[in-house]
Novice: 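Shown below is the structure under consideration.
Excluded from the calculations below are hydrogen atoms, water molecules and symmetry mates; all remaining heavy atoms, backbone and side chain alike, are included. Letters A, B, ... are given to chains in the order of the sequence lines, protein chains preceding strands, and every chain is numbered from 1. All of these numbers come straight from a predicted model, not from anything done at the bench.
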Amino acid sequence: MDLHFTPEQIAFRDEVRAWIAENLERPFSLEKRDPKHDADSLVEVRRAWQKKLHAAGYLGMGWPAEWGGRGASEADEALLQAELAAADAPQVPNFLGISLLGPALIHHGSEEQRRRFIPKMLACDEIWCQGFSEPGAGSDLASLRTRAERDGSDWRITGQKVWTTFGLWSDWIFVLARTDMDDRYGGISFFLVPIDQPGVEMRGLKQITGESEFGEVFFDGALAKGDHLVGQVGEGWRIAMTVLSYERGAASIMYPAQFDTQLDGLIRGVHEAGRAERDDVEEKLGRLVVENEVMRGNGLRTLADLAAGNAPGPESSIEKIFWSEYHQRLTDSALDLLGPQGQLVASSPSARDEVDWAYEYLWSRAGSIYSGSNEIQRNIIAKRVLRLPSGK
Amino acid sequence: MQFELDEDRALLKQSTRELLEKEAPLSETRAVMEDTPEGFSKPFHAQLGELGYPGLLLPEDDGGMGALAFAAVLAEMGRVALPGPFLDLALGVRTLSGCDHEAAARLGERARAGEALVVMARLEDPTRSDPDAPEARFEAGRVRGTKTFVPFGAHADALLVTTREGLALVERPGAGFSATPLPTIDHAQRFAEIAIDEPAELVAEGEAAARLIEEHERLGALGASAGLLGLMERALEITVAYISEREAFGVPIGSLQVLQHRAADMLMQVESSRSAVYRAAWSEEQEPETAAYLTAVAKAWAGAAARYVCGQAIQLHGGVGYTWEYDPHIFLKRTKTLESFYGSTRAQLGRALALRQPTL
Ligand SMILES: Cc1cc2nc3c(=O)[nH]c(=O)nc-3n(C[C@H](O)[C@H](O)[C@H](O)COP(=O)(O)OP(=O)(O)OC[C@H]3O[C@@H](n4cnc5c(N)ncnc54)[C@H](O)[C@@H]3O)c2cc1C
């Protein structure tokens, strides 16, 4: 057993840490509190940050060198993400493109598609969003109805997608659409569709936080060029499923790092409120500390397994459930322990600086829904890890 | 990076499992704890002694195998809910070896061979499972005081008694010693309250004694956490097997989503405990500066986790889960013992908070 990172990995981590100290002006929570910003200008803050990361070679590090990568291991990627999260750096606007579409193109796309799309995606000259979910197809994604029909050598897309994160700021959308209405899995194909065209209408949807970070998209005979089909006709489901499984690993120690920073803030706040000595407060904080450290232990174990060449299995469902439900417990506790001050929205002058608790509290409700809801994750664990029987 | 145990330790884990399955399987546990006056199998513990198990925590050049091996063995013992004082004995052997004292060294030799049972007597207030500063005294070559919840206190051949003056060793207690059994819900963990006024040797004092006691508590917490891991691992296996077989409403109950999700939650607790326990053991060997913190984390987590998993094991068995005949209650009861001592869950939460530090 060995849970140490290699000296090279530690050196890389230190390099990243120093780079962030030099390049990140201020944590994103403070950026959000600045009255000069609105939703659009915050996207520009994030875009500028992505450009910096890209210029420093920190995006798509695990990809082949040709596509901007440096053959980095999952551990390097995880260390990078952990440092960024601990510093509360802005999330890059193209996170869905980089985590999902990039790998899809590298593994399943054509050379031409890679050349056309990857550099602009990394440089944030084009922002991508993910068009999988539909009003009638969320957890049961394969029941999606959006269809693609041939139009000469091109395709025409008709239907609706929803919960499309970053839709309002995106230039392109990758879409799962039916090329066969009867074949449940084999009738789904994977398309790249430009948003700025007559057949596409994007609308923002107001979230419980009041923002419209996600939206809905209506396709009415929208054009997808023939060479913007990824893989073969009917391969969309398989591509989407393999790509979704690549997401694992990097998150393993990222969330504990992010939560550590938030815990620091909470502990400071509790001390300032003069409550730190209370027995119930100690118990609550102690439990939050313990759970986060256990989560990091799980993450290190995942990285160790990846390093040993074991593909992350359904056990990654455990990680997903753990971080998303921990986020809810952490923010729940924070709003209890900080008193009403914790409920102040960021624009309020008396809100706490270190964490936007009010936002985090609401945002934490999303993690257990997206990326495969936690109920679906528990189904996966029961069936594929515990091998419990199916009903009749 | 690698999570798996290295070859030597994996081999030890495997051979321990085989030994336990052969000589002390779960099916024997109830009989042993019910039918023997000590609540454990003396012959099997003698066998463990011959095989060198009590010396696991000794320095490697003295035949020990380190904290990872210790954790692996304790987890295996947890899987069969092995009755008896093995954990306390292994800790006793380690503590004796850390005393720079002739009597301790002599006794240590016998204890590591399984010829003498030596345990530490450190608690004085039955309402608290975490030791306070002791009232017991060592004066003029005698130790005087009362101790409570002494593990196997009525059966021990020697006691390491915490006193204000340091660690006092009492061998073959005589007329000045009395032990009152303290039966708890766990039939296989025989505690006693002891009153003692006996000749003794002060085998460690001052800083050295404090360090040994601290280490005893930390390694005890590690061993208890590993035991908890084994208990919940087996409790989950038994439960998954049961709900896969048992039918109601014409289907195996394990196909019902509510129970599937419950089992998934149990697995999360078990696997997270595995990460936490082995990480703590690893830090004990490789990263001592984080060991106290990571051990507090592991113990606080595993205690609560095992309580949940073993409680749900009873629930998912239905009525039979509430019978003496079925096994789940054995896991729940041992969980309570291991959870309470070597730093209760609550105490470890406080420790973890106080010791919190960067670990990457
Ligand atoms: C903040 C946010 C961002 C998102 N971003 C995107 C995006 O960019 N692109 C995109 O395509 N999608 C996105 N999604 C959509 C997300 O993937 C879906 O919301 C999710 O898959 C759940 O689908 P649903 O909303 O249709 O809920 P439903 O599937 O209707 O589920 C409703 C409830 O029923 C439960 N449930 C459903 N099926 C089962 C089952 N078999 N067993 C047990 N319980 C079940 C669910 O767990 C849930 O609690 C986003 C969602 C959120 C919240």
Novice: What heavy-atom pair brings B/Ala67 and B/Ala281 nearest, and what distance separates the two atoms?
Specialist: CB-O, 3.6 Å
Novice: Just to verify, which of A/Tyr361, A/Phe322, A/Phe259 counts as forming a ring-ring contact (aromatic ring centres under 6.0 Å, His included) with A/His327?
Specialist: A/Phe259
Novice: Could you check whether A/Asp353 pairs with A/Arg268 (Lys NZ or Arg NE/NH1/NH2 to Asp/Glu carboxylate O, under 4.0 Å)?
Specialist: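 Salt bridge flag = no for A/Arg268 with A/Asp353.
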Novice: Between A/Asn374 (side chain) and A/Glu325 (backbone), is there a donor-acceptor pair under 3.5 Å?
Specialist: no
Novice: Any residues in residues 299-317 of chain B near chain A, with a heavy-atom distance under 4.5 Å, and which are they?
Specialist: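 Result: B/Ala300, B/Trp301, B/Ala304.
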Novice: Which atoms of B/Ser283 are under 4.5 Å from chain A, going by heavy atoms: the side chain, the backbone, both sets, or neither?
Specialist: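 Contact with chain A is absent: no heavy atom of B/Ser283 under 4.5 Å.
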Novice: Quickly, which of A/Leu306, A/Leu303, A/Asp305 forms a side-chain contact (heavy atoms from CB on, under 4.5 Å) with B/Met1? Name it, please.
Specialist: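 Exactly one candidate clears the test, A/Leu303.
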Novice: Which bit of A/Arg296 is near chain B, if near means a heavy-atom gap under 4.5 Å: side chain, backbone, both or neither?
Specialist: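 Both parts, backbone and side chain.
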Novice: With chain A, which of B/Glu285, B/Arg279, B/Gln348, B/Arg262 has the greatest number of heavy-atom pairs at distances under 4.5 Å?
Specialist: B/Arg279
Novice: Counting only non-hydrogen atoms closer than 4.5 Å, does A/Glu375 touch chain B with its backbone (N, CA, C, O), its side chain (CB onward), both, or neither?
Specialist: both
Novice: For B/Leu360, is it the side chain, the backbone, both or neither that has a heavy atom under 4.5 Å from a heavy atom of chain A?
Specialist: both
Novice: Would you mind checking which part of B/Ala276 comes under 4.5 Å of any heavy atom in chain A, side chain (CB onward), backbone (N, CA, C, O), both or neither?
Specialist: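 When you check distances to chain A, only side chain atoms of B/Ala276 fall under 4.5 Å.
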Novice: What part of A/Asn292 lies closer than 4.5 angstrom to a heavy atom of chain B: side chain, backbone, both or neither?
Specialist: neither
Novice: Is the side chain of A/Glu354 donor-acceptor paired with the backbone N or O of A/Ser29 at a distance under 3.5 Å, no angle test?
Specialist: no
Novice: With a 4.5 angstrom heavy-atom cut-off, is it the side chain or the backbone of A/Leu300 that approaches chain B, or both, or neither?
Specialist: both
Novice: Could you tell me the separation between the CZ atom of A/Arg278 and the CG atom of A/Leu337, rounded to the nearest 0.5 Å?
Specialist: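 That separation rounds to 7.5 Å.
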Novice: Checking heavy atoms, do the side chain of B/Tyr293, its backbone, both or neither come under 4.5 Å from chain A?
Specialist: side chain
Novice: Pick from A/Asn379, A/Leu285, A/Val385: which one has the most heavy-atom pairs with chain B under 4.5 Å?
Specialist: A/Asn379
Novice: Given heavy-atom pairs under 4.5 angstrom as the criterion, report whether the side chain, backbone, both or neither of A/Lys284 touches chain B.
Specialist: neither
Novice: Between CG of A/Asp279 and CZ of B/Arg346, what distance do you get to the nearest 0.5 Å?
Specialist: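 It is 4.5 Å, given to the nearest 0.5 Å.
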Novice: Check whether any side-chain heavy atom of A/Trp19 lies under 4.5 Å from a side-chain heavy atom of A/Leu24, and answer yes or no.
Specialist: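 No, their side chains stay 4.5 Å or more apart.
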Novice: Do the side chain of A/Arg275 and the main chain of A/Val270 share a donor and acceptor less than 3.5 angstrom apart?
Specialist: no
Novice: Could I get the full list of side-chain hydrogen bond (donor to acceptor under 3.5 Å, both in side chains) partners for B/Thr290, not counting sequence neighbours?
Specialist: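 Here the qualifying residues are B/Glu287.
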Novice: Mind ranking B/Thr345, B/Leu267, B/Val240 by heavy-atom pairs under 4.5 Å with chain A and telling me who comes out on top?
Specialist: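 The residue among B/Thr345, B/Leu267, B/Val240 with the greatest pair count is B/Leu267.
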Novice: Do B/Leu68 and B/Asp6 touch side chain to side chain, with heavy atoms closer than 4.5 Å?
Specialist: no
Novice: Name the region of B/Gln257, side chain, backbone, both or neither, that has any atom closer than 4.5 Å to a heavy atom of chain A.
Specialist: side chain
Novice: For the backbone of B/Glu76 and the side chain of B/Lys13, can you confirm whether one donor and one acceptor N or O come within less than 3.5 Å of each other?
Specialist: no
Novice: Chain A: which of B/Gln260, B/His261, B/Glu237 shares the most heavy-atom pairs with it under 4.5 Å?
Specialist: B/His261
Novice: Pick from A/Glu282, A/Glu293, A/Arg387, A/Arg287: which one has the most heavy-atom pairs with chain B under 4.5 Å?
Specialist: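 The candidate making the most pairs under 4.5 Å is A/Glu293.
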